[in-house]
There are 2 protein chains.
Amino acid sequence: MFSLPQLEAFVAVAEELHFGAAAVRLNMTQPPLSRQIQMLEKKLGTQLFGRTSRKVELTAAGATLLPRARQILDMCIKTDLDVRRVSSGEAGAITVGYTAIAGQSALPLMLRHAAESMPGVSFVLRELVSTDQMDGLVKGSVDIGLLRPIVARPGVVSRPLMKDRLVVALPEGSSLLGNMAAPQGAPLPLGSLDRLPLLMYSTKEARYFHDLVLRLFASAGAHANITQYASQVPALLAFVQAGLGVTLVPASAMAFAPAGVEFHEIDGRHGIQELNRVDLELAWNEETANPAVLRLLDLIESP
Amino acid sequence: MFSLPQLEAFVAVAEELHFGAAAVRLNMTQPPLSRQIQMLEKKLGTQLFGRTSRKVELTAAGATLLPRARQILDMCIKTDLDVRRVSSGEAGAITVGYTAIAGQSALPLMLRHAAESMPGVSFVLRELVSTDQMDGLVKGSVDIGLLRPIVARPGVVSRPLMKDRLVVALPEGSSLLGNMAAPQGAPLPLGSLDRLPLLMYSTKEARYFHDLVLRLFASAGAHANITQYASQVPALLAFVQAGLGVTLVPASAMAFAPAGVEFHEIDGRHGIQELNRVDLELAWNEETANPAVLRLLDLIESP
DNA sequence: AAACATTCATACCTTTACTGGATTGTTAAG
DNA sequence: CTTAACAATCCAGTAAAGGTATGAATGTTT
């Protein structure tokens, strides 16, 4: 196979149609240039130039080679630049894993922020529950995770990204609370949910929320009367909207609640305040070599 | 800039993810392969593989390089093949110059013949008068000429391609000939055209025909009463159709004559037969380096 | 736990290939 | 016939590539 310097030499000669001039352009002397062309011709098995001592002209084969040689050289230069850009983090791709809820709050914020500061970097989005994100971070199939503070696997590090809290979601104007009804938005002690039909996070896909709700109920001395399981916040809210019961959702989920649902802060007394923390973390593999990821992490740290 | 062997080495390692196996595939030993990759990384200024003594994996930069490297190598192989094909005459382009009349007779014949036997070769068609074709053949802007036997320029050789003769074209059922009228297709002595309005080839663009017609008239002792000049056969036939006069056209032009025109062979007695020869020649530059042209010439010689 | 196997990196040597300078050969112009 | 121009050839000197032997790191097996 021919070599890239041979193609460069060929293009120079084809453009100058003069070995001496082409040699100057290539910062070399004429004899080795002649030899390079001869080598190229030998490798291709054909004359590329018709040349006498007075003039040089392209043959049909040479005319065929010229545009292709230019194209190959251009592609090499472009490839060189692309690889450098990716290695500097200027371009590249970041695979972001995120939970369903983060997809509605932290993810858009982060993407808006990142897309502005890192044009050229594309994001691959994968909605995954926290444990699957953790697996992905270990395997390298996920670069950045937006997940709940679950047990980290070795090599994966994280930092808090958003602090959130659970709020109570009730059917609007419901009589479930009886005479304990509170005006929209007023704090509600968890005790008032005692034995009410509770729409619960599934044990498996949303264990973090499941456990947290149970802890909160226990701490308030209330009985959790679970009547329905679901793993996604929108599903739970739809049940609430239908009047099937009450549930607890992250405050950030209020923004996309359907009509017919009212929210109340949880009364923070008796130590509930400390328990009622829904954290979202940003996690990544400590040993990630993806420069775009490193840049993104810097970006999130600094401002 | 990186080199093609380096790209080949990179692709092999990226596909095998194992230096030893990649080295086998490249028919070399492992240490120089490692060095080639190191060189490539140095030239690109970045790591392409994350490697320990136990495993090899692509970095983001490496993943970016892989498809581009494959593309460059593929293009090199394809270019090599294309150049060889052109140099063997298997593919390529032939610029054919042809006169207006040849464009209606010899050219389609030749193209049909050639297109069958030389798939992959494309033809660039240029309608040119014979002298311009001759210039083009010298300059190299025309590969093959279909032209009248005019004086050849140095380096241009030719061979007869088609023998033709002139025939008389008359307005159908015309009274121009008076009582000398002949049945359709019957030979007509040129003397019967004496002093009739003659539609003539222009001196400049169709000198060959112009001179030939004059010679024929002179030889028959007839007077050429020129009433109109035109350079293209169809234009002359249109005049004949309109009843403006008579003219002489190549027999091959009868095929595309308009209705309302009748043709007669020229009576060949008194030496007219020898004069009435309209030859079409195939001409090319003796030193043409275009392999497709050489193949075409062979093709025309042999069958 | 220690010996072993695997695998990539390094050191050193040999061969190959490329470069630059001087020279030659050929062709067109004065 | 001489000269100028230009590509090809010859001849070292040097840079690059490949091979063998060896080392270092990390799992794996006994």
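Only heavy atoms go into these numbers, but all of them, side chains included; no hydrogens, no water, no symmetry mates.
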Practice problem: Name all residues meeting the side chain to side chain contact (heavy atoms under 4.5 Å, CB included) criterion together with B:E15; count only those two or more places apart in sequence or in a different chain, and write none if there are none. | Solution: B:V11, B:R25, B:R70
Practice problem: Taking atom types as modelled, find out whether B:S34 and B:Q30 have a side-chain donor-acceptor pair closer than 3.5 angstrom. | Solution: yes
Quiz item: Restricting to pairs with a member in residues 30-43 of chain A, which pass salt bridge (Lys or Arg N to Asp or Glu O under 4.0 Å), not counting sequence neighbours?
Solution: A:E41-A:R51
Practice problem: Output every pair passing side-chain hydrogen bond (donor to acceptor under 3.5 Å, both in side chains) with a member in residues 125-135 of chain A, not counting sequence neighbours, ordered by first then second residue. | Solution: A:D135-A:R153
Quiz item: Which whole-number value in Å describes the distance from B:E41 CD to C:dC8 P?
Solution: 13 Å
Quiz item: Separation of B:K42 atom NZ from C:dA9 atom P, in whole Å?
Solution: 15 Å
Self-check item: Contacts of type salt bridge (charged side-chain N to carboxylate O under 4.0 Å, His left out), residue A:E90, not counting sequence neighbours
Solution: A:R85
Exercise. Take nucleotides 19-29 of chain C nucleotide by nucleotide from the 5' end and write B, S or -, depending on whether a protein heavy atom sits under 4.0 Å from the base, only from the sugar-phosphate, or from neither.
Key: BBBB---BSS-
Donor-acceptor pairs are to be reported for all side-chain atoms of residues 155-163 of chain B against protein atoms at under 3.5 Å, with residues two or more places apart or in another chain.
from: B:S158; atom 1: OG; to: B:E281; atom 2: OE1; distance (Å): 3.1
from: B:R159; atom 1: NH1; to: B:E301; atom 2: OE2; distance (Å): 3.4

Self-check item: Rounded distance in Å - CZ (B:R51) to C1' (C:dT6)
Solution: 17 Å
Self-check item: Of all pairs that satisfy salt bridge (Lys or Arg N to Asp or Glu O under 4.0 Å), the ones with a partner from residues 59-69 of chain A, not counting sequence neighbours
Solution: A:R68-B:D82
Quiz item: Can you name the ring pair (Phe, Tyr, Trp, His ring centres under 6.0 Å) partners of B:Y201, sequence neighbours left out?
Solution: B:F209
Quiz item: Under a criterion of less than 4.0 angstrom to any heavy atom of chain B, what are the 5'-terminal and 3'-terminal contacting nucleotides of DNA chain D?
Solution: D:dA17 to D:dG27
Self-check item: Partners meeting side chain to side chain contact (heavy atoms under 4.5 Å, CB included) with B:S122 (sequence neighbours left out)
Solution: B:A93
Quiz item: If an axis is fit to five pairs at each end of the helix from C:dA1-D:dT30 to C:dG30-D:dC1, what is the angle between the two, to the nearest 10°?
Solution: 20°
Self-check item: ring pair (Phe, Tyr, Trp, His ring centres under 6.0 Å) partners of A:F19, counting only residues at least two apart
Solution: none
